[in-house]
Amino acid sequence: MDGRPELSELQNRVMTIKWEALGLQLGLKNDELVAIREQRLSNIAACRKEMFALWLRTKPNASRRQLVDALKTDSVAEVYMVEQYEKYIQDQLSQSGTTPHARVSPRDILKSHSTQLLDVINDPERLANDLSAADLIAGPVENKVLELSNTNYSKAS
C-alpha cells in the first residue's frame, strides 16, 4: 500500500468528482488546482487526470497510502472508493505474488485482467450498461458507446 501508484491506475480506479478537494489533501496548492480547472474547462475527468499527474510529478514520495488517507478525509469522504481501491491493490498484490511494498507491473495487471479485457472488447454494450448502472458514465455517453458498438458490429458483418 505504500508503493507509488501509476497515473493509469489512478485514472482507472479513483474516479472521484471531488478532485479539487482531493488535490488539496494531497498537498497541491489551490492556485494550481484553479489553473487546472480553467485550463481543462471544468471537464472533471480531464481535471482529475491533470491533478493526479501534477501530484505524481511534484511529490516524489507520493504513495497509495497518502491517496487512501486523503480520500478518507472529511472534505473528500470517498469511503466506498477507498474500499474498492484497497481491494483492487490487495487483489493485484495477491495475484502477482508480490509483497505490499513491491510495484505491480503493467504486464502483471494485463495478465490478471486479460479475461475481463476480452469481455469488454467483445461486449461493449454490457460495459456501457454496467458503467451506467454504477453511475460512472452519464446517459449520453452510454448512448454514444451503444451507438458506436452497433455501428462497428454492423460494419464487421
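Note that the structure is predicted; figures quoted are calculated from it, not measured.
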| said: Tell me whether Ile17 at atom CD1 has more than 12 heavy atoms from other residues, nucleotides or ligands lying less than 6.0 Å away. | reply: no
- Task: Evaluate whether atom CG of Asp74 has more than 12 neighbouring non-hydrogen atoms of other residues, nucleotides or ligands under 6.0 angstrom away.
- Result: no
### Query
Given side chains that start at C-beta, do those of Leu10 and Leu56 come closer than 4.5 Å, heavy atoms only?
yes
Original post:
Is there side-chain contact between Leu67 and Leu22, with heavy atoms separated by less than 4.5 Å?
Top reply: yes
Judged by atom type as modelled, is there a donor-acceptor pair below 3.5 Å linking the side chain of Gln66 to the main-chain atoms of Ser63?
yes
ask   = Counting only N and O atoms by type, is there a donor-acceptor contact under 3.5 Å from the side chain of Lys72 to the main-chain atoms of Ala77?
value = no
Review point. What side-chain hydrogen bond (donor to acceptor under 3.5 Å, both in side chains) pairs are there with at least one residue in residues 46-56, not counting sequence neighbours?
Key: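 Applying side-chain hydrogen bond (donor to acceptor under 3.5 Å, both in side chains) to every pair that reaches into residues 46-56, excluding sequence neighbours, yields Arg40-Glu50.
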Sequence neighbours excluded, the answer for side chain to side chain donor-acceptor pair (under 3.5 Å) partners of Thr16 is Glu78
query: Given Glu86 and Arg64, is the side chain to side chain contact (heavy atoms under 4.5 Å, CB included) satisfied, shown in steps?
result: CA-CA 9 Å; Glu86 287 177 325; Arg64 291 181 179 108; over 6 Å; no
Do Gln90 and Tyr85 pass the side-chain hydrogen bond (donor to acceptor under 3.5 Å, both in side chains) test, and can you show the C-alpha distance, the side-chain angles, and the key distance before you say yes or no? CA-CA 9 Å; Gln90 290 305 317; Tyr85 184 64; over 6 Å; no
*asked:* For a quick test of reading the model, state the closest non-hydrogen atom pair linking Pro5 to Ala62 and the distance between them.
replied: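 Smallest heavy-atom distance, with atoms named: CD-O, 4.1 Å.
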What one should report as the nearest heavy-atom pair of Leu26 and Ala70 is CD2-CB, 3.7 Å
With sequence neighbours excluded, what pairs up with [X] under the side chain to side chain contact (heavy atoms under 4.5 Å, CB included) test?
X	value
Leu24	Asn30, Leu33
Gln39	none
Asn43	Ala45, Ala46

Could you name each residue pair satisfying salt bridge (Lys or Arg N to Asp or Glu O under 4.0 Å) that touches residues 11-28, not counting sequence neighbours?
->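 Pairs touching residues 11-28 that pass the test: Glu20-Arg37.
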